[in-house]
Number of protein chains: 2
Amino acid sequence: MNTIRSPQPPPSLTRSVEDYLKSVFHLTSQGGFATTSDIAEMLDVAPPSVSGMMKRLSETGLIEHVPYRGVQLTPQGRRAALQMIRRHRILESYLTSKLGYDWGDVHVEAERLEHAVSEKLIERMADALGEPRYDPHGAPIPTAAGEIEEAELVPLAESEVGSSLVLQEVGDEHPARLHYLAEQGLTPGVRLTVIDRQPFNGPTIVRLGDGTTRVVGQELALLLFCRSSDGE
Amino acid sequence: MNTIRSPQPPPSLTRSVEDYLKSVFHLTSQGGFATTSDIAEMLDVAPPSVSGMMKRLSETGLIEHVPYRGVQLTPQGRRAALQMIRRHRILESYLTSKLGYDWGDVHVEAERLEHAVSEKLIERMADALGEPRYDPHGAPIPTAAGEIEEAELVPLAESEVGSSLVLQEVGDEHPARLHYLAEQGLTPGVRLTVIDRQPFNGPTIVRLGDGTTRVVGQELALLLFCRSSDGE
DNA sequence: ACAGTGCATTAGCCTAGACTAAATTTCAAC
DNA sequence: GTTGAAATTTAGTCTAGGCTAATGCACTGT
Ligand SMILES: [Mn+2]
Ligand SMILES: [Mn+2]
Ligand SMILES: [Mn+2]
Ligand SMILES: [Mn+2]
C-alpha cells in the first residue's frame, strides 16, 4: 500500500530527551563533539545511560553519533534544543520579573517547568515581559524563530590583568554562589577593571564602576563571563 | 543496625500518580467508592492499567482498595489530591487573570503544569492574585492547608422548573463548550430562573438576570452547576 | 609494535506505566 | 439456585529510561 503519510503530529519529546538535547547543545557550543562522559556528568546519570539515549536520539534523527567520538546535534535537534533554551530563559525572566523570585532560585524551577509549558504560554510570558533579549543571568534568549546571539566571552578567571571588562553573563546553577555575587554587586552589566591576580589559581582583584574593589576567588571568577569594554 | 530514619524526604509523586489521585478524589466527592472503570474512563486508560496502579497506590498507603468494589483515598492520599487541585485551580486563575488566557484554554495547560510547579511558585501566584477562593470556572480552590469548600450544587439539567438559581460552577474540560457558554453570558455568578424544560432530555429554558432568555440543551445544562437563590 | 589506561559501548537487569487477552468475581434475572 | 453479562483482576508483553558489570576501542608512552 505504502500510504502517503500526513505531516506527522510532532511526537512530543520526553523530559529526558529534552534535557539531553540541551546538554549536547551547551557542550558543543564551542564546536566539536559532546562526549558521553561530559553528558553523563552534566545530567548526573551513568555513562551507559547516555550511550543508550544517544542511540535512540540518533535513530530519531536528533543527533549525529560518531561511535567512540561523541555526538553533535542535527539541524532538527538544534531547533529542539534552542526551543528548550528559549523556554528556560523566558521562564527564568518571568519568575524574576513578575513573581519576585531571587535570581538564584529560578534555575531549578525553570528546569522542571520548561518541559511542561506550551509554546503559547511562553510567548505570552515573553510578551508580558516585552520580548526580553537576556535572562536574569545575562544569557541571551533565543528568538521564537530559533536564532541565538553568540558572543565571545572570557571568564573573569582567565581575563588579562589590566583589561577593562563588562560582566555579561553569570553561570546560573548555583543559588548560594548567585546570592553571594548579588551581594557583592557582581551582576550582569557591571563594569570592572582587572587590577591583579594572585598566582596558583588565586583570586582575581577587580575594581568596579563605583570605585570599590572586590577579591574574587577562582571558583567564582570562572562563573563570571565578561566581554572587553576597552573601546568604550 | 536498624538506624532511626530521619523524616523521609517526600518521594515526590509521578505525574501519573498525581492524576490518578485527583480522579479518585473527584469520583468519591459524593462519598462511596471510585470504580476501576470510572477511573479508566476519566483518565482515558484501559481498566487493567487502573488495577495495576491501584495496587501500587494502596501499597504506598495513598488509597484503600476493596477488591472488586473500588477505592477511596486515605487521609494521606486526600492531602495529596487536594494539593494537586489547589495547584490546578491557582494555575487556571493565574493564566486567566495575569496572562490573558481564555477560560476555555486554561484547563489543558494547567493539567500539565500542575505536575511541574513548586509549592513556592503556587503560593507566589496565589499571592499575586490575592488568594482567590474560586477558579475561573467557579470551582472552589483548596487552601494551602488542605481545606476545601463543599457546596451542594445541582446541575441546571436537573433543577426544578420555577426555581431561582445562581450559576456557581461550570465544568471546565471542554474549550468549545466554554467558549459558547461565555458568549451566551452563562458564566459563574449569573442569576437565572428556570422557566421550562422540554421532555425527553430536552433543553432547559432559563431567564437571566437581564431579562433575556436562553435555551440550554441537556448536554450543556449538565455542566452548569447551580445553587438555589430563593432566599435572596 | 605493543602494553596499558581510560573512556565508550554492550549485555543484562530493573521499575513505572501502558496495553491485550484470559480468567475471575459479582450481581441481576430467571 | 443457576446462569449469563458486566466489571474486575491477573497474566503476559512492551517501551522508556535508568543502573552495574563486563567488554571493546583508541590513544599514550615505551
Ligand atoms: Mn538556568
Ligand atoms: Mn529540564
Ligand atoms: Mn481544570
Ligand atoms: Mn494533570
Side-chain angles (χ1 to χ4, degrees), chain A residues 8-24 27-28 32-73 77 80-81 84 111-112 114-116, chain B residues 8-24 27-28 32-73 77 80-81 84 111-112 114-116:
Chain A
Q8 299 265 6
S12 164
L13 308 175
T14 65
R15 178 184 176 156
S16 263
V17 166
E18 289 173 339
D19 280 337
Y20 274 100
L21 291 175
K22 278 203 309 176
S23 288
V24 175
L27 291 168
T28 55
F33 291 88
T35 68
T36 298
S37 40
D38 284 350
I39 299 168
E41 179 175 3
M42 186 170 286
L43 293 176
D44 197 26
V45 297
S49 305
V50 177
S51 287
M53 181 61 89
M54 292 307 107
K55 182 163 192 187
R56 266 171 280 153
L57 293 186
S58 55
E59 278 160 7
T60 51
L62 291 161
I63 63 167
E64 198 71 47
H65 185 196
V66 181
Y68 292 100
R69 275 283 121 67
V71 297
Q72 285 182 320
L73 295 173
M84 293 314 296
E111 199 56 56
R112 277 177 290 103
E114 62 189 0
H115 312 288
Chain B
Q8 299 266 5
S12 163
L13 308 176
T14 66
R15 182 189 169 151
S16 264
V17 166
E18 288 173 340
D19 280 337
Y20 274 100
L21 292 175
K22 277 203 311 176
S23 289
V24 175
L27 290 167
T28 55
F33 291 89
T35 67
T36 298
S37 40
D38 284 351
I39 299 167
E41 179 175 3
M42 185 169 288
L43 293 177
D44 197 27
V45 295
S49 306
V50 177
S51 286
M53 182 60 90
M54 292 307 107
K55 182 163 193 186
R56 265 170 281 153
L57 294 185
S58 56
E59 277 160 8
T60 49
L62 291 161
I63 64 167
E64 196 71 45
H65 185 196
V66 181
Y68 293 98
R69 276 281 123 69
V71 297
Q72 286 183 318
L73 295 173
M84 293 313 297
E111 199 56 57
R112 276 176 290 104
E114 62 189 1
H115 311 287

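Below, chain A is the first sequence line, B the second, and so on; all start at residue 1.
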Non-hydrogen atoms of [X] and [Y] that approach each other most closely:
X     : Y     : answer
A/V50 : A/V45 : CG2-CG2, 3.7 Å
A/L57 : A/Y20 : CD1-CB, 4.1 Å
B/M53 : B/S16 : CE-CB, 3.8 Å

Exercise. Any side-chain heavy atom of B/L13 sitting closer than 4.5 Å to one from B/L21?
Worked result: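 Yes. Closest side-chain heavy atoms under 4.5 Å.
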
For this session: Please examine the side chains of B/I39 and B/V71, heavy atoms only from C-beta on, and report whether any two atoms are closer than 4.5 Å.
Result: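 A side-chain contact under 4.5 Å exists here.
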
Could you tell me the separation between the [atom1] atom of [X] and the [atom2] atom of [N], rounded to a whole number of Å?
X     : N      : atom1 : atom2 : result
B/L62 : C/dA16 : CG    : P     : 13 Å
A/I39 : D/dG17 : CD1   : P     : 15 Å
B/R56 : C/dC14 : CZ    : C1'   : 14 Å
A/L13 : D/dG17 : CG    : C1'   : 15 Å
A/E41 : C/dA8  : CD    : P     : 12 Å
B/E18 : C/dA16 : CD    : P     : 16 Å
A/D19 : D/dG18 : CG    : P     : 9 Å
A/L57 : D/dG18 : CG    : P     : 11 Å

Problem set entry | Shortest side-chain distance from A/V17, nucleotide among C/dG17, D/dG17, C/dT20 | D/dG17

For this session: May I ask you to say what B/S16 touches in the nucleic acid, namely base, sugar-phosphate or nothing, with a heavy-atom cut-off under 4.0 Å?
Result: sugar-phosphate

Exercise. Excluding sequence neighbours, so at least two apart, what forms side chain to side chain donor-acceptor pair (under 3.5 Å) with B/T35?
Worked result: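 By the side chain to side chain donor-acceptor pair (under 3.5 Å) rule, B/T35 matches B/D38.
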
Exercise. Has B/E111 got more than 12 heavy atoms of other residues, nucleotides or ligands less than 6.0 Å from its CD?
Worked result: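 Yes, enclosed.
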
Exercise. With the sugar-phosphate defined as primed atoms, P, OP1 and OP2, and the base as all remaining atoms, what B/S/- string results for nucleotides 8-14 of chain D, 5' to 3', for protein heavy atoms under 4.0 Å?
Worked result: BBB----

Exercise. Within the structure, does a side-chain N or O atom of B/S49 lie under 4.0 Å from either OP1 or OP2 of C/dC19?
Worked result: yes

